[in-house]
Amino acid sequence: MHQEDKKRTKGGSWLTRGLGAMLLMMGPALALAQEAAEAAPVPNKGDTAWMMVCTLLVIMMAVPGLALFYGGMVRAKNMLSISMQVFVTFSLLTVLWVVYGYSLAFNGTGQWIGDFSRFLLSGITADSNAATFSEGVVIPEYVFVAFQATFAAITTALAVGGFAERTKFSAVLVFAVIWFTFSYLPIARMVWFTEGFLFKAGALDYAGGTVVHINAGIAGLVGALMVGKRTGYGTVAMPPHNVPYVMIGAALLWVGWFGFNVGSGLEANNGAGLVFLNTFVCTAAAVSAWTFGEWIFRGKPTMLGAASGAVAGLVAITPSCGVLSPGGAIILGLVVGLICLWAVAGLKKSLGYDDSLDVFGVHAVGGIVGALSCAILGHPSLGGVGAFESIGPQLVIQAEGVLITIVWSAVVTAIAFLLIKVTIGLRPSEEAEREGLDTNEHGERAYES
Amino acid sequence: MHQEDKKRTKGGSWLTRGLGAMLLMMGPALALAQEAAEAAPVPNKGDTAWMMVCTLLVIMMAVPGLALFYGGMVRAKNMLSISMQVFVTFSLLTVLWVVYGYSLAFNGTGQWIGDFSRFLLSGITADSNAATFSEGVVIPEYVFVAFQATFAAITTALAVGGFAERTKFSAVLVFAVIWFTFSYLPIARMVWFTEGFLFKAGALDYAGGTVVHINAGIAGLVGALMVGKRTGYGTVAMPPHNVPYVMIGAALLWVGWFGFNVGSGLEANNGAGLVFLNTFVCTAAAVSAWTFGEWIFRGKPTMLGAASGAVAGLVAITPSCGVLSPGGAIILGLVVGLICLWAVAGLKKSLGYDDSLDVFGVHAVGGIVGALSCAILGHPSLGGVGAFESIGPQLVIQAEGVLITIVWSAVVTAIAFLLIKVTIGLRPSEEAEREGLDTNEHGERAYES
Amino acid sequence: MHQEDKKRTKGGSWLTRGLGAMLLMMGPALALAQEAAEAAPVPNKGDTAWMMVCTLLVIMMAVPGLALFYGGMVRAKNMLSISMQVFVTFSLLTVLWVVYGYSLAFNGTGQWIGDFSRFLLSGITADSNAATFSEGVVIPEYVFVAFQATFAAITTALAVGGFAERTKFSAVLVFAVIWFTFSYLPIARMVWFTEGFLFKAGALDYAGGTVVHINAGIAGLVGALMVGKRTGYGTVAMPPHNVPYVMIGAALLWVGWFGFNVGSGLEANNGAGLVFLNTFVCTAAAVSAWTFGEWIFRGKPTMLGAASGAVAGLVAITPSCGVLSPGGAIILGLVVGLICLWAVAGLKKSLGYDDSLDVFGVHAVGGIVGALSCAILGHPSLGGVGAFESIGPQLVIQAEGVLITIVWSAVVTAIAFLLIKVTIGLRPSEEAEREGLDTNEHGERAYES
Amino acid sequence: MKMITAIIRPWKLDDLQMAVARLGVQGITVTEVTGYGRQRGHSEHYRGSEYQVEFVPKLRVEIVLDEASSEAVVEAISNVCRTGKTGDGKIFLAPVGEAVRIRTRESGAAAA
Amino acid sequence: MKMITAIIRPWKLDDLQMAVARLGVQGITVTEVTGYGRQRGHSEHYRGSEYQVEFVPKLRVEIVLDEASSEAVVEAISNVCRTGKTGDGKIFLAPVGEAVRIRTRESGAAAA
Amino acid sequence: MKMITAIIRPWKLDDLQMAVARLGVQGITVTEVTGYGRQRGHSEHYRGSEYQVEFVPKLRVEIVLDEASSEAVVEAISNVCRTGKTGDGKIFLAPVGEAVRIRTRESGAAAA
Ligand SMILES: Nc1ncnc2c1ncn2[C@@H]1O[C@H](COP(=O)(O)OP(=O)(O)O)[C@@H](O)[C@H]1O
Ligand SMILES: Nc1ncnc2c1ncn2[C@@H]1O[C@H](COP(=O)(O)OP(=O)(O)O)[C@@H](O)[C@H]1O
Ligand SMILES: Nc1ncnc2c1ncn2[C@@H]1O[C@H](COP(=O)(O)OP(=O)(O)O)[C@@H](O)[C@H]1O
């Protein structure tokens, strides 16, 4: 597999990179210390600098970005609750990633999961390097470990938006650990590791449309269903308590997402430029689409809508940022802006679930649109730079990846919540929920005057 | 022209870079794919990484930076209105930049405006590179496109501060599209394209003192005059509703501005170090000057003042960051801090216009101070590194650039607002304005408790 | 000394880098223009890009990071007061750093302090380079000047948290100038300059555990004692007025701290990867430790606690980020999270001082834990990569560095506050303090509705 | 006419509103307040510091209505707002001399 | 003495203040409140969710004054605060037994 | 019973609370308000703009208590809240017909 990849990228034309990136995504895992020692490639400092920047951008996406994006949307009495869920989940999983996550996801030979041979990163030193998608180009392995840690940690933090405002902090943390271990790690391996089922099938997912967004979106939805609706949902108004926070959060997500998407290429090269521009312009188009869509269909364009549009665009371009042309990215942005608007308005209403922060409507739906768009807008006949032959078969492969992720994530989430329900319990008392999780779960209030 | 430039930079001494940067600013436009193919220079990964960082820094300046800086200064009832104006203007123009802006500004041979040959970036691929100011040094053209997109988009968003709190959202968007097309694009071309009138005249503008700040500042002022004062202006108190937001916004502008200024050099080289330090220390000096100025002249040093001082310093160093010594940058900061304080206090009061967020007093006035400072503090006799012969003649050239920008921007803005007035109208009803644009234009409230 | 260092790093094994980094920290000061001219090494653009990123990250730590972290913890009536103290102190000292600070800290031959030969950076041009810790590797000196400026400026801003909410703005600024000149500059020189007492002693301090955190923490404590308690302290509740700001601030400190720590290595190389990962995971572990610690010992896990834990972890890893393994960093994070929790709860209560924002409990205590950890967890027998022989003697050296910093900083702070007390006075009237410093010192209110 | 002023727990507002609406109350004015009462005495931690929290968030609900209905409304409010724990709040009744509906200039009971 | 309590639209405060100042009113106390009344019933969207908004932002304006001037003031307030659309608000009048100016200890009408 | 409504400077609340607690007052309700009075007239600057500040932040403190103690409490409040400068505030006394403690249904003086 690795061989074939090398051949491909050697072909030289950047056009092949779209697919190459996908297929090679697990390359780093093969860059064992010995191997590095043989060929002894030295990391380019521009790549190293860029990958460190990308890593801290993804950290900024989570804290404070996601905490604010989510926090602004809940009621004031739950502001600290959701912030804590994001902040502590992110921190805890970063530790677990270093302890066993990296080893299970990117080491060993299993096709579903790795082994514990790099427990606590044993065997890795500052001299270790990880391969990139270009032959002979490496980056420090510690940087790769840190970069991947942020993906694992933010994905799980995303999911908690589905059952926000009504779940016990302890339940959220237990869910996070279980889901990270049994859903994130295997799916990351399936999609990004050479022996993974989806990897072998040729599914395209540049920066995590399936692994991150569909995965988290489904967990959010299933969690929302299992935890049940917020008390008063449907009868009591639950407006966002601080829309400026939502705006700040969305903006920081936008800025940070360049680390997420461009960093997934592992190099600061010409291909990075395309990914960068696509991430920029697809988001801008989705903001515009949601804004005008709301204006036309609901009467007024809202800030909450524009912010949601930004996230929808970012989600959709995540899997496809390496295979679309900037023109294709604009089209994708316009389309996904409208589809996600429909998902959180029409679809959600008709199905009646209480996905508090629309993790499903934005991340799962946007992720599906993005994953499928790879096969369509990514095709050279539509201006794309994808290296697959024809649209139809690739669309089937993409759909397969989407479906497997949906099922896997749903099952793991359901089991996790069942276990929590029968052990420590999922929800605080109704009184505590109505009074607010901030005071009841955390003994704090967000604002004092 | 290009030849001559090359000779100059070949001279080798960094001292010539100040002017070189200005004269060569349009270099990238010449780096057509064919040319790149001939010489086949490969982008340095450090440059590519840096330019991507710079681009995302400018995005962060706009959202959330500018949205917060402006948003904190309006009344609570208009917080989302101004945020939306910044957020959506920025997004929409990013899309338009990719669709036709880049082609019109940096392509073709016209001296006022380009052509549509790169409509939707046709002809550019991930392999295309753009030239920098150093011979044989290139960066990925997609990165250059993204970097320049942020300039176009943030400039227009800056202008809306002049007529905030009283203009319809639809009017703002229509203005943005017209002004971007007929004022930003031609002025960017005039100043930064080799055939542009101001470029030929030798005007120094490292990162956009004329193109960005004077341009936007004049548009803000003319807009303020044409839209008319806010209802109650002068009788009702209109204090900033959230000064911490102003502080956060100013701070993010400061951080992001390094991308703006240093990125304009297109390389992570030694010259970048000077631009970086100048941007840092001029701003710090302007903060100090405004703070102490207020303390002395108005009794108390305010946070709003310190934040305004930061922006004034950043604006002033924008055109001159490449030709001043750090000592000169400190002097410029001290001077501009006091001048802009006077402009938003004394000048504004005596002229009586209602430039809501002082786009004129800070951006136009600060931009003029900065543009002129190039010719004075930039001269080697005053420690500068500018490559011009003597202060007097250069001052005339600088003044010429300033004047042309003022007139051009004013005319385009006036026409745009006239057109809007007679078609869709400029202002909401007085009742809607008094109740607040958030609920009336956007159907939202910023804060709920 | 320099010779010996070179030998060490030449040894090639990255294992020696831990100590090497410390000993060589002052290397840049030796890179005089002439020397650079001889060998004529050219900065690597990846390094230059990275160091500019690191510098702006530290700026972002201060404004808005620290301003928000501190601002959220004070009462609403003092929000602008503390923001101004951070914003203006940071700006003023940046200017003073360029005027005389850099010259005094990194120039001349004195072992306690430098000279004025680089007053206003005279003699430095854009072509000047500063040496790094690797032979033949340099970065633009202007970038080095800017990077170091941020350290000086943020350190002093940190200290003001100790006596927040009760000190006159003028007193704070005078303190800042005195303390920067007589405490920060000499200690920076002692620890980081080849002739400095602590440098010679072999004390390990990768990124400023002593120079920055213990130094500032002690100044905060001594200031708190000399200024006296806040009126009503102990009887009136003084809850943080905006915990989300504390969260945002802590998150931006986390993100920015990568610039602080990794940037201290001056290169984007493999060693940077270790420092990066350590900074990430130690912080994540400290967040977890404080959260669970509070949960167990005080009943509920708070957002304020998680945010404090993040800062405690960041402080502790600062001196030791270059010598610990990621596993060691996790242990350090767990330990420091619990120790600082005890310091701000148990210790503070029993001693009864009013260190408003726990500069002592978090920065001094965390800094001491971190400084000592170098000698323990940094030892190869415990997985570390420190280049010292055995734990015991190194622990003594570390303790020596800690003690000297404590005494020096305490004495300078005490003298500074005494001088201010007998001249312009330290505190506003009790009435002004109770009404709030925002209106009384700055004529502003943070929030209007 | 009477003005009923009820100081209640914030999260009881929805219940209160539904209960009084059922009794025909057409207008309510709500203010965020902080209250000091017997409920005080619990302590909060901010990092290390432990404070006695004297003032806790409450809502003040005001309803102007004719005397006839006031008793039933007071009864309804105290029913839905009772949890039995300290801090449930108080209801005060005070006389109102006149009421005017701004929109229509109606006055008296028609305006309440 | 009387206390006038007016519940008005927030953006009418400036008009109200100028109108009553012209009638010699020297003191006003203003509170941000939310009101439930006939104006309810419009719905707001948050992303997809559509909610009935029950409580809308209002200001409560309190003025203590001698009985003689109260009628004119009520008249003035209802004039400037009327838009004719539902939600204009109400004015309540209640008796005040005593008023004390803290600064001077003056009491009675002198303190209002 | 009486309701004492005191409009005071925000930073005087702690003093007030301690003073009235000493007199046996068991309950207080506090609202953030803005007040217009003689204190107006100082101007504030926002960047260049200079505005007359008409409304300044105050607290409204409400205490319901039996008539007997009201005089002493008014006295105590005006003592601790006086600075002698304009803006010290006012105290109003109004009759309260009934008081109910929601938790226990106690009413009358027992509920105040
Ligand atoms: N005498 C009073 N005057 C004004 N407000 C009061 C009075 N007594 C109680 N309150 C208000 O009622 C709230 C609840 O009273 P509290 O004594 O805590 O509980 P409970 O009524 O259940 O004993 C207080 O927080 C305060 O806002
Ligand atoms: N009976 C009442 N008691 C207390 N407040 C009331 C009462 N009726 C109305 N209000 C207040 O007056 C506001 C306006 O009343 P509403 O019925 O919406 O409009 P209108 O008076 O024009 O019919 C309400 O939002 C509420 O705050
Ligand atoms: N007649 C009044 N009705 C309602 N509130 C009043 C009245 N007079 C004063 N107030 C309140 O008392 C506050 C203090 O009054 P002010 O006239 O400024 O000071 P002083 O009472 O010391 O002369 C005002 O801000 C206002 O909130």
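Scope of the values below: all heavy atoms of this structure, side chains included, with no hydrogens, waters or symmetry mates.
- Contacts between C/Ala306 and chain A at a heavy-atom distance below 4.5 Å involve backbone atoms as well as side-chain atoms.
- Within the 4.5 Å cutoff, the side chain of A/Arg445 has no heavy atoms near those of the C/Val243 side chain.
- Of all non-hydrogen atoms in C/Pro244 and A/Tyr245, the two that sit nearest each other are CB-OH, 3.6 Å.
- In this structure, no portion of C/Val246 lies under 4.5 Å from any heavy atom of chain A.
- Between A/Glu448 and C/Ala76 the shortest heavy-atom distance is O-CB, 4.5 Å.
- At least one side-chain heavy atom of A/Pro64 sits under 4.5 Å from a side-chain heavy atom of C/Leu252.
- Within the 4.5 angstrom heavy-atom criterion, atoms from both the backbone and the side chain of A/Val95 approach chain C.
- Counting only heavy atoms from C-beta outward, the side chains of C/Phe280 and A/Thr150 approach each other to under 4.5 Å.
- Considering every non-hydrogen atom in both C/Met303 and A/Glu444, the closest pair reads N-OE1, 2.7 Å.
- When heavy atoms are compared at a cutoff of 4.5 Å, C/Ala310 approaches chain A solely by way of its side chain, counted from C-beta outward.
- The shortest side-chain heavy-atom distance between A/Thr48 and C/Phe276 does not fall under the 4.5 Å cut-off.
- A 4.5 Å side-chain heavy-atom check between A/Leu92 and C/Val287 finds every atom pair outside the cut-off.
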Problem set entry | Test side chain to side chain contact (heavy atoms under 4.5 Å, CB included) applied to A/Leu173 and C/Phe292, step by step | CA-CA 11 Å; A/Leu173 293 189; C/Phe292 288 101; 3.8 Å; yes

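- Side chain of C/Asn270 to main chain of A/Ala126: a donor-acceptor pair is present (N/O by atom type, distance under 3.5 Å, no hydrogens or angles).
- For A/Ser91 against C/Ala284, the heavy-atom pair with the smallest separation is O-CB, 3.3 Å.
- Both the backbone and the side chain of C/Asn242 come within contact range of chain A, with heavy atoms under 4.5 Å apart.
- Neither the backbone nor the side chain of A/Thr89 comes within less than 4.5 Å of any heavy atom of chain C.
- Using a 4.5 Å cut-off between heavy atoms, C/Ile330 contacts chain A through its side chain alone, with no backbone atom that close.
- Separating the CD1 atom in A/Ile248 from the CD1 atom in C/Ile248 is a distance of 5.5 Å, to the nearest 0.5 Å.
- Both the backbone and the side chain of C/Val281 come within contact range of chain A, each with at least one heavy atom under 4.5 Å from a heavy atom of that chain.
- By the 30° and 60° cut-offs, the orientation of the rings of A/Phe90 relative to C/Trp254 is perpendicular.
- C/Trp50 has its side chain out of reach of A/Trp50: every pair of non-hydrogen atoms, C-beta onward, lies at least 4.5 Å apart.
- Residues C/Val137 and A/Lys45 meet the side-chain proximity criterion, which asks for heavy atoms closer than 4.5 Å.
- When heavy atoms are compared at a cutoff of 4.5 Å, C/Thr291 approaches chain A solely by way of its side chain, counted from C-beta outward.
- Of the atoms belonging to C/Leu304, heavy atoms from both backbone and side chain fall under 4.5 Å from chain A.
- Electrostatic pairing of A/Glu441 and C/Lys300 does not count as a salt bridge here, judged by no charged N lying under 4.0 Å from a carboxylate O.
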